[in-house]
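What follows is a single structure, written as structure tokens, with notes after it.
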Amino acid sequence: MYELNCAGVIPGCERVIRAESPAEVIRRAVMQARQLGVDTITPSMMDQFRQATTEHRN
């Protein structure tokens, strides 16, 4: 399981996004950012998503 605490990465976000793959976490983060009014996902923001995504083993 992978997760991203989007506070500090996406303005106004207080969620923890979880998914089975890093790619799905990032896809969900992009959707969340757009829902919160971020119109442009910059390469820098994508890098932040990747760096903040962590793996948690059960």
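In this text the structure is predicted, and so the values were computed from the model without any measurement.
Applying the salt bridge (charged side-chain N to carboxylate O under 4.0 Å, His left out) test to pairs two or more places apart or on separate chains, those with a residue in residues 3-12 are Glu3-Arg18. The stretch residues 23-39 participates, sequence neighbours left out, in these side chain to side chain donor-acceptor pair (under 3.5 Å) pairs: Arg15-Gln32, Glu24-Arg27, Glu24-Arg28. Sorted by first and then second residue, the disulfide (SG to SG under 2.5 Å) pairs with a member in residues 12-55 read Cys6-Cys13; sequence neighbours excluded. For residues 40-51, the set of pairs meeting the salt bridge (charged side-chain N to carboxylate O under 4.0 Å, His left out) definition, not counting sequence neighbours, comprises Asp47-Arg50.
Annotation: side-chain hydrogen bond (donor to acceptor under 3.5 Å, both in side chains) contacts of Thr54 (sequence neighbours excluded): His56. Partners of Glu14 under the side-chain contact (heavy atoms from CB on, under 4.5 Å) rule, at least two apart in sequence or in another chain, do not exist in this structure. For Thr42, the side-chain contact (heavy atoms from CB on, under 4.5 Å) partners are Thr40, Ser44, Met45, not counting sequence neighbours.
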Could you give me the CA-CA distance, side-chain angles and deciding distance for Met1 and Glu55, then say whether side chain to side chain contact (heavy atoms under 4.5 Å, CB included) is met?
-> CA-CA 6 Å; Met1 179 69 63; Glu55 182 177 10; over 6 Å; no
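Closest of all the heavy-atom pairs between Ile17 and Ala29 is CD1-CA, 3.6 Å. In plain terms, the two heavy atoms of Ala33 and Ile10 that are nearest each other are CA-CG2, 3.8 Å. When every heavy atom of Ala52 is checked against every heavy atom of Leu4, the shortest pair comes out as CB-CD1, 3.1 Å.
Between the CD1 atom in Ile41 and the CD1 atom in Ile26 there is a gap of 11.5 Å [rounded to 0.5 Å].
At a threshold of 4.5 Å between non-hydrogen side-chain atoms, the residues Phe49 and Val25 do not count as touching.
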